[in-house]
Amino acid sequence: MAQATVSLKPADEAPVIDKNIYGHFAEHLGRCIYDGLYVGEKSNIPNTEGVRNDIINALKELKIPNLRWPGGCFADTYHWKDGVGPQSERPTIVNTWWGNVTEDNSFGTHNFLNLCEELGAEPYLAGNVGSGEVQELADWVQYVNFDGISPMSDWRKENGRDKPWGVKYWGVGNEAWGCGGNMRVEYYADIYRKYATFMSDAGLEGGLYKIASGASNDDYHWTEVLMRDIPHNLLQGVALHHYSVIDWNAKGPSIGFSEEQYFKTMEQAWLMEELVTKHVEIMDKYDPKGKVDLIVDEWGGWYDVMEDTNPGFLFQQNTMRDAMIAGMTLNIFHNHARRVKMANLAQVVNVLQAVILTEGEKMILTPTYHVMKMYNVHQDAQLIPIELDTPDYEFNGEKLPAVNASASKDAEGKVHISLVNIDSKKSNTVSVDVSALKLKDFTAEILSSKTLEDHNTFESPEKIQLEKFKKFKLKKGTLEVELPPFSVVVLEGN
Ligand code: AHR
């Protein structure tokens with residue numbers, strides 16, 4: 001058993017962990033919206049305005065703070081006006097990015113924004129820049145936000161919604177370097193300036209929060225140009241996308257993977273630490289006061305689709321490997337809470353690293369769901385900076401830090417410490433120095449399992465779930481915690 005040490009170093013000036021770091025993403029992709037979240041009002045599956053009640057309840061339980069929609073790549077093909085008004089009169093749309101399926105536009109702006117209201121989550125709308133028009137996006141803002149008389153707000157009222165929803169978060173395109181238009185960043189920066197200029201806040205108190213389509217992985221030049229060339233009064237957030245993918249041409253299976261594939265996935269997940277650090281360094285150079293936020297609005301594991309499923313639908317299983325990605329990535333975001341103010345796991349239901357999978361009437365919660373639930377105690381709590389020393393997880397002569405961690409103090413004074421051991425075979429004892437805080441009583445929960453590829457299935461939906469954890473002792477201001485291989489633990493101290 002190896003030994004790691006974590007020291008908690010509370011600091012008055014430490015940032016708050018924005019609850020929006022726990023955001024999710026719902027794209028028109030595969031079975032995320034249709035035959036996922038949305039089954040339609042006539043379905044036998046209990047629903048609210050067509051959205052499954054079991055999913056609504058599970059997401060409320062998760063305390064989902066925001067939801068990004070309608071894409072992803074789909075966003076830059078989506079024309080919002082086709083998704084409002086009487087459903088029978090809506091034109092169809094071919095989902096060219098994801099399987100060329102024809103959608104009937106029955107799930108549109110009203111459905112999405114009403115769902116967010118029901119969930120108590122902030123909507124985050126991704127605007128169409130790639131194939132849309134400035135006026136189209138400006139009209140969308142007026143439609144959803146304007147309280148007075150105007151062509152768009154009158155139309156909204158005709159369509160059954162009197163009061164505006166008040167949408168604050170707006171993405172100005174998505175992956176402008178790729179599916180959003182294959183633009184150069186110098187060109188996109190100018191396009192962004194134009195769109196942002198005409199996206200009036202339509203009377204929304206506090207104004208719109210506009211997010212520029214950001215870099216892929218280590219494209220630091222992209223962030224540099226956005227920060228340099230866009231006036232900061234037009235820019236509230238800069239995005240970043242990073243997926244834990246082994247190799248885009250050989251992603252490997254989501255179950256039945258080898259230890260080598262596991263190690264490589266962990267390597268990719270851990271890369272988030274370096275990516276965030278370096279993008280933030282650039283942002284600090286152009287914005288030392290920290291006015292513009294880093295928004296990691298797509299992250300998660302990406303593997304080959306499950307056998308016999310549509311390759312364009314990105315349906316994959318979710319195992320303990322994904323739990324490791326989630327626990328580690330959220331710890332990274334917490335520790336960078338000064339600049340990372342929002343993040344969106346890709347995606348919420350039935351796509352990529354989903355927290356929920358459905359099959360007909362059945363629904364299961366994945367290991368990733370359980371990690372996010374266990375971790376949500378950190379939402380809006382003050383970060384407690386840590387110092388960490390960890391043994392390595394070694395595989396085939398390569399090394400990664402075995403243990404990662406983060407800590408915070410909530411409004412009631414409760415302290416939460418999240419610990420992850422990614423080592424596939426070794427337990428790790430972690431000594432957590434909590435002497436700087438006067439804590440007496442601790443309780444804890446754990447997510448662990450026998451094998452790395454364990455997962456919940458429709459036949460065995462509760463194989464992996466949170467359990468009470470007792471393998472720790474408090475002695476003279478130090479907690480000795482025994483972390484099993486590939487496990488996630490959250491301790492609560494009073
Ligand atoms: O999440 C799936 C896809 O990944 C999104 O549509 C796109 O933005 C990214 O490339």
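Numbering of ligands and ligand atoms starts at 1, following listing order. All residue numbers in this chain count up from 1 along the given sequence. Just so we're clear, the structure is a prediction, and the values are computed from it rather than from any experiment.
- Applying the side-chain hydrogen bond (donor to acceptor under 3.5 Å, both in side chains) test to residues at least two apart or on different chains, the pairs with a partner in residues 336-355 are E27-Q347, N66-N344, E273-H336, D284-R338, D284-R339, D287-R339, N350-T358, Q353-T368.
- A donor-acceptor pair under 3.5 Å is absent between the side-chain atoms of D454 and the main chain of I464, judged by distance alone.
- Listed by first and then second residue, the side-chain hydrogen bond (donor to acceptor under 3.5 Å, both in side chains) pairs that reach into residues 177-189 are E186-H221, sequence neighbours excluded.
- Each ring-ring contact (aromatic ring centres under 6.0 Å, His included) pair with one or both residues in residues 303-326, not counting sequence neighbours, would appear here, but there are none.
- Interatomic distance, NE2 of H241 versus CG of D219, reported as 12.5 Å (0.5 Å rounding).
- Counted by atom type alone, H28 and W69 present one or more donor-acceptor pairs between their side chains at under 3.5 Å.
- Annotation: ligand 1 has protein neighbours F25, E27, L29, G72, C73, W98, N174, E175, Y243, E298, W302, Q347, L352, each with a heavy atom less than 4.0 angstrom from the ligand.
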